Amino acid sequence: MRILIVEDEKRLAGTLQELLHRQGYTADVCYDGISGLDNARSDIYDLLVLDAMLPGMDGYQVCREIRHDSDVPIIMLSA
């Protein structure tokens, strides 16, 4: 399973990525909404972990855009 983590807090993103790797998943990281949306549109991910508050484009906007093209599962993170 390939997972995309879109999280602007690099420490949290790295921790999530490491934990997922330990469980046998492939996890890629983006740090802003625009690059997250671009990567999500590649259709290579089985799951997105998406922060609500992101620079460039917030997670809710990213989610709406992805839903136009895909039904990939999305887990939203929020403070």
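All of these numbers come straight from a predicted model, not from anything done at the bench. Just so it is clear, the values below take in all heavy atoms, side chains as well, and ignore hydrogens, waters and symmetry mates.
Few gaps surround CE on Met76; more than 12 heavy atoms of other groups in view lie less than 6.0 Å from it.
Going from atom CD of Glu7 over to atom CG of Asp32 covers 11.5 Å, rounded to the nearest 0.5 Å. Expressed to the nearest 0.5 Å, how far CD1 of Ile66 lies from CG of Leu50 amounts to 6.0 Å. Put simply, CE on Met57 and CG on Asp38 are 10.5 Å apart, with the number rounded to the nearest 0.5 Å.
Within the structure, salt bridge (charged side-chain N to carboxylate O under 4.0 Å, His left out) pairs that include any residue of residues 8-19 comprise Glu18-Arg22 (at least two apart or interchain). Screening residues 42-64 for side-chain hydrogen bond (donor to acceptor under 3.5 Å, both in side chains) gives Asp28-Tyr45 as the qualifying pairs, with residues at least two apart or on separate chains. Every pair passing side-chain hydrogen bond (donor to acceptor under 3.5 Å, both in side chains) that includes a residue from residues 66-79 is listed here, sequence neighbours excluded: Arg41-Asp69.
For Thr15, the side-chain hydrogen bond (donor to acceptor under 3.5 Å, both in side chains) criterion is met by no residue, not counting sequence neighbours.
Residues Cys30 and Leu4 are in side-chain contact: their nearest non-hydrogen atoms beyond the backbone lie under 4.5 Å apart.
Without hydrogens or angle criteria, Asn39 side chain to Ser35 main chain gives a donor-acceptor distance under 3.5 Å.
Under the 4.5 angstrom side-chain criterion for Ile, Leu, Val, Met, Phe, Trp and Tyr, Leu19 has no cluster partners at all. Other members of the hydrophobic cluster containing Tyr31, listed by chain and number, are Met1, Ile3, Ile5, Leu12, Leu16, Leu20, Tyr25, Val29, Leu47, Val49, Ile75, Leu77; membership follows side-chain contacts under 4.5 Å among ILVMFWY residues, whether direct or relayed.
The heavy-atom pair separating Val62 from Gly33 by the smallest distance is CG2-O, 3.5 Å.
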